[in-house]
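I have placed the structure first, in the form of structure tokens, so that the comments after it can refer back to it.
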Amino acid sequence: MEHVDRTPRIPLSESDAAIEARRIIESLAAPEPAPIPKSYRDTTPNMPGTAEPVAQPGRPAMSQRATDASSLMLTGSVLSLSVGGATSLVLYTLGHVDPTTLAIGAAGPVALVLAVGSLLRSAGRAKADANTEHHHHYNGSVRQETTNVSSITKGLFAKNRNDVR
């Protein structure tokens with residue numbers, strides 16, 4: 001009988017075939033190896049240590065409201081830094097001029113910030129007023145008149161004559 005090794009397809013002698021057959025039979029009869037543990041749990045109780053607590057790096061845990069307030073303060077500091085930088089740049093560029101021009105140049109960025117703040121505040125008020133609902137209650141007879149006047153004005157010195165009668 002001809003014996004052939006399965007892997008490289010090389011013919012085997014009788015003694016090599018017997019050795020290979022014995023090895024295969026012994027590997028089938030051998031017990032399964034013990035599984036390798038994938039985790040370990042130490043069940044001994046933890047003893048409290050004597051070391052002092054150490055401050056942990058990073059921002060401390062806080063409530064959502066505190067986090068929002070903190071981020072708002074950080075944003076405000078960045079904005080004030082940019083306004084201060086712009087003011088410093090203007091003052092540096094205007095360093096060789098008279099005091100009146102210097103005062104106007106220093107007040108420019110501040111006036112811009114105040115104007116933008118006022119615009120945002122009035123936009124917020126307008127949004128809040130848009131959602132209000134008005135109810136008018138009258139006792140007795142009521143007469144209500146509405147007059148709409150529209151005119152087209154052009155030019156620099158246009159006159160508006162809205163005569164409501």
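Starting from 1, each residue takes its place in the sequence as its number.
In this structure, Glu145 contributes its side chain and Arg143 its backbone to no donor-acceptor pair below 3.5 Å. Side chain of Ser71 to backbone of Thr67: a donor-acceptor contact under 3.5 angstrom is found.
To the nearest 0.5 Å, the span separating CE on Met62 from CG on Asp68 amounts to 10.0 Å. The CZ atom of Arg125 sits 11.5 Å away from the CG atom of Leu120 when rounded to the nearest 0.5 Å.
Residue pairs meeting the salt bridge (charged side-chain N to carboxylate O under 4.0 Å, His left out) criterion with at least one partner in residues 21-36, sequence neighbours excluded, are Glu20-Arg23.
A pairwise comparison of heavy atoms in Leu119 and Ser122 identifies O-OG, 2.9 Å as the closest pair.
Chaining together hydrophobic side chains whose heavy atoms lie under 4.5 Å apart places Ile24 alongside Leu28.
Under a cut-off of 6.0 angstrom, the local environment of CG in Asp42 is crowded, with over 12 non-hydrogen atoms contributed by other residues, nucleotides or ligands.
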